[in-house]
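These notes concern the structure reproduced below.
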Amino acid sequence: MTRATFLPPAGERGAALLSVLLLVAIMAVIATTALDRIGIATRITAAQAASGQAAAYARAAELLAMRRIGDLVARDAAQLTLAGDWADRDFTVPVPGGTITTRARDGGNCFNLNGLAADTGLAGGRTTRQAGVQQLTALMVIQGVSEGEAQAIAAATADWIDSDQNVNPLGAEDAVYLGNAAPSRTADALFVDVSEWRAVRGVTPRIYARMQPWVCALPVAEMTALNANLLRPDQAPLLAMLAPTMISTSQARAALAARPVSGYGSTVRFCQISALAKVQPPPDVAAQVKVKSRWFAVASRVNLGDYEVIQSALVDAERADGAPTHVVRRQWGVIDPP
């Protein structure tokens with residue numbers, strides 16, 4: 001008996017092979033896609049774990065810095081000095097898989113933009129503080145901004161945070177901003193971050209870049225208070241702006257350069273040094289010079305493998321109600337690996 005062999009027609013013999021190859025190709029694509037998705041999911045999980053651990057390390061570094069700040073403030077009730085070489089110095093601590101670097105500095109030796117407004121005593125009520133407008137104008141002029149621009153920006157900044165719609169001379173309220181190509185309104189609230197200042201009329205990118213190292217946004221509508229024990233000579237413009245017609249930048253720089261190693265001890269002693277001996281600023285201006293600090297800026301950087309977390313915090317170390325040192329503002333972010 002002869003076994004019959006069945007073969008497909010000659011014109012169809014390649015179709016079966018093509019179908020098999022097509023099926024293999026589809027399965028390969030599916031497998032590759034699945035592996036890619038698994039790899040992405042694995043990397044995302046690892047990144048979440050690493051960033052979470054880094055953020056936890058950053059918070060731990062912040063707590064240690066707050067403890068250190070509390071000790072510094074409690075060490076001498078009369079003044080805070082640079083003793084101990086703590087300011088603007090990196091402290092690096094190794095941790096499993098990486099390092100933590102923390103830096104602390106005085107957070108109040110800057111012009112407080114929120115000091116351009118004064119609380120009226122009513123809930124949420126604020127009015128323009130002309131002394132603050134004059135000081136910001138003086139600081140901007142010292143930094144090379146034309147006097148006309150400086151006056152207009154200072155007035156507009158006060159209008160931005162006061163709670164009324166009364167336009168200061170050279171200032172700007174809602175009516176001005178509503179006429180812009182992208183209409184907006186004034187905030188009628190304190191600045192939360194100094195970057196918000198860029199929304200104020202007249203604050204160009206050039207002026208903002210020039211003034212950013214000199215201004216800040218503390219969470220209080222209070223005039224700038226400078227710790228003369230911590231001001232560097234190159235920060236003399238901050239001291240000169242307090243009374244620009246009475247204190248020159250060179251006088252302020254000389255006064256700071258003559259600071260005793262142990263600090264001035266008191267504001268009276270600071271005012272008696274030779275560089276300022278003949279200067280008699282008004283009492284309210286003299287009261288802006290301190291030898292203690294309330295605000296501190298803490299920056300932390302955590303390197304953990306391929307991931308990096310940066311965190312900055314503003315610390316209040318001297319609340320009026322006697323509460324302990326605590327964080328009033330915190331910002332942080334993750335830098336992903338390339």
Side-chain angles (χ1 to χ4, degrees), residues 65 68-89 103-112 114-115 118 129 131-132 134-136 138-139 141-143 213-216 218 220 222-298 314-320 322 324-325:
R68 174 61 173 159
I69 290 170
D71 292 341
L72 286 169
V73 173
R75 183 174 59 188
D76 188 341
Q79 65 172 348
L80 176 67
T81 70
L82 294 171
D85 192 24
W86 61 271
D88 282 318
R89 177 185 172 189
R103 176 185 289 253
R105 61 176 176 82
D106 183 284
N109 276 347
C110 50
F111 181 86
N112 179 24
N114 289 327
R129 180 184 276 122
Q134 294 169 5
Q135 290 181 357
L136 178 58
L139 179 61
V141 170
I142 292 173
Q143 295 306 315
W214 301 95
V215 298
C216 56
L218 302 178
V220 288
E222 297 177 357
M223 292 286 283
T224 298
L226 303 175
N227 185 341
N229 282 338
L230 303 183
L231 278 173
R232 304 185 307 270
D234 61 290
Q235 293 178 303
L238 290 170
L239 188 59
M241 77 172 182
L242 299 181
T245 61
M246 305 178 70
I247 305 173
S248 67
T249 303
S250 59
Q251 284 178 306
R253 186 178 296 110
L256 295 174
R259 178 173 54 217
V261 176
S262 59
Y264 293 108
S266 68
T267 56
V268 173
R269 185 181 177 190
F270 171 73
C271 294
Q272 289 175 343
I273 60 177
S274 59
L276 299 177
K278 297 181 180 180
V279 177
Q280 294 182 345
D284 56 338
V285 172
Q288 290 182 253
V289 179
K290 313 285 187 181
V291 290
K292 298 186 65 177
S293 297
R294 173 180 177 181
W295 307 100
F296 293 83
V298 177
L314 180 66
V315 176
D316 184 352
E318 194 178 303
R319 275 190 14 182
T325 301

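Only a predicted model underlies this, so the values are computations on that prediction, with no experimental measurement involved.
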- Message: Between L139 and L238, is the side-chain contact (heavy atoms from CB on, under 4.5 Å) condition met? List the steps.
- Response: CA-CA 7 Å; L139 179 61; L238 290 170; 4.2 Å; yes
- Query: What's the verdict on side-chain contact (heavy atoms from CB on, under 4.5 Å) for L242 and V289, showing C-alpha distance, side-chain angles and the deciding distance?
  - Reply: CA-CA 9 Å; L242 299 181; V289 179; 3.7 Å; yes
- Evaluate side-chain contact (heavy atoms from CB on, under 4.5 Å) for D316 paired with W295, printing each intermediate quantity in order. CA-CA 5 Å; D316 184 352; W295 307 100; 3.6 Å; yes
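Taking 4.5 Å as the limit, some side-chain heavy atom of L82 sits within range of a side-chain heavy atom of L230. Looking only at side-chain heavy atoms (C-beta outward), Q272 and S266 stay at 4.5 Å or farther from each other. Within the 4.5 Å cutoff, the side chain of L80 has heavy atoms near those of the F296 side chain.
Taken from CD in Q143 to CH2 in W214, the straight-line distance is 5.0 Å, to the nearest 0.5 Å. If you take CD on Q280 and CE on M246, they are separated by 7.0 Å, rounding to the nearest 0.5 Å. Here the CZ atom belonging to R294 is positioned 9.0 Å from the CG atom belonging to L218, to the nearest 0.5 angstrom. Of the inter-residue distances, the one linking M223 atom CE with N114 atom CG reads 13.0 Å to the nearest 0.5 angstrom. Annotation: the span from S293 atom OG to N109 atom CG amounts to 6.0 Å, rounded to 0.5 Å.
For the pair V73 and A317, the tightest heavy-atom approach, listed with the atom from each and the gap, is CG2-CB, 4.0 Å. In plain terms, the two heavy atoms of V298 and A65 that are nearest each other are CG1-CB, 3.7 Å. Across all their heavy atoms, R269 and P260 have their closest contact at NH2-CG, 3.6 Å. Scanning all heavy atoms of the two residues, the minimum distance from R129 to G115 falls at NH1-O, 2.8 Å. Nearest approach of L239 to I247, heavy atoms of both residues: O-CD1, 4.3 Å. When all heavy atoms are compared, the tightest approach of C110 to V215 is CB-C, 4.2 Å.
The salt bridge (Lys or Arg N to Asp or Glu O under 4.0 Å) check on D284 picks up nothing, with sequence neighbours excluded.
Checking side-chain atoms of Q235 against main-chain N and O of L256 turns up no donor-acceptor pair under 3.5 Å. A distance-only check finds a donor-acceptor pair linking the side chain of T224 to the backbone of N112 [under 3.5 Å]. Side-chain N or O atoms of D106 include none that pairs as donor or acceptor with a backbone N or O of L231 at under 3.5 Å. A donor-acceptor pair under 3.5 Å is formed between the side chain of R103 and the backbone N or O of D88. A donor-acceptor pair is defined here as one N or O able to donate and one able to accept, closer than 3.5 Å; no such pair exists between the side chain of Q135 and the backbone of M241.
Sorted by first and then second residue, the ring-ring contact (aromatic ring centres under 6.0 Å, His included) pairs involving residues 241-270 (not counting sequence neighbours) are Y264-F270.
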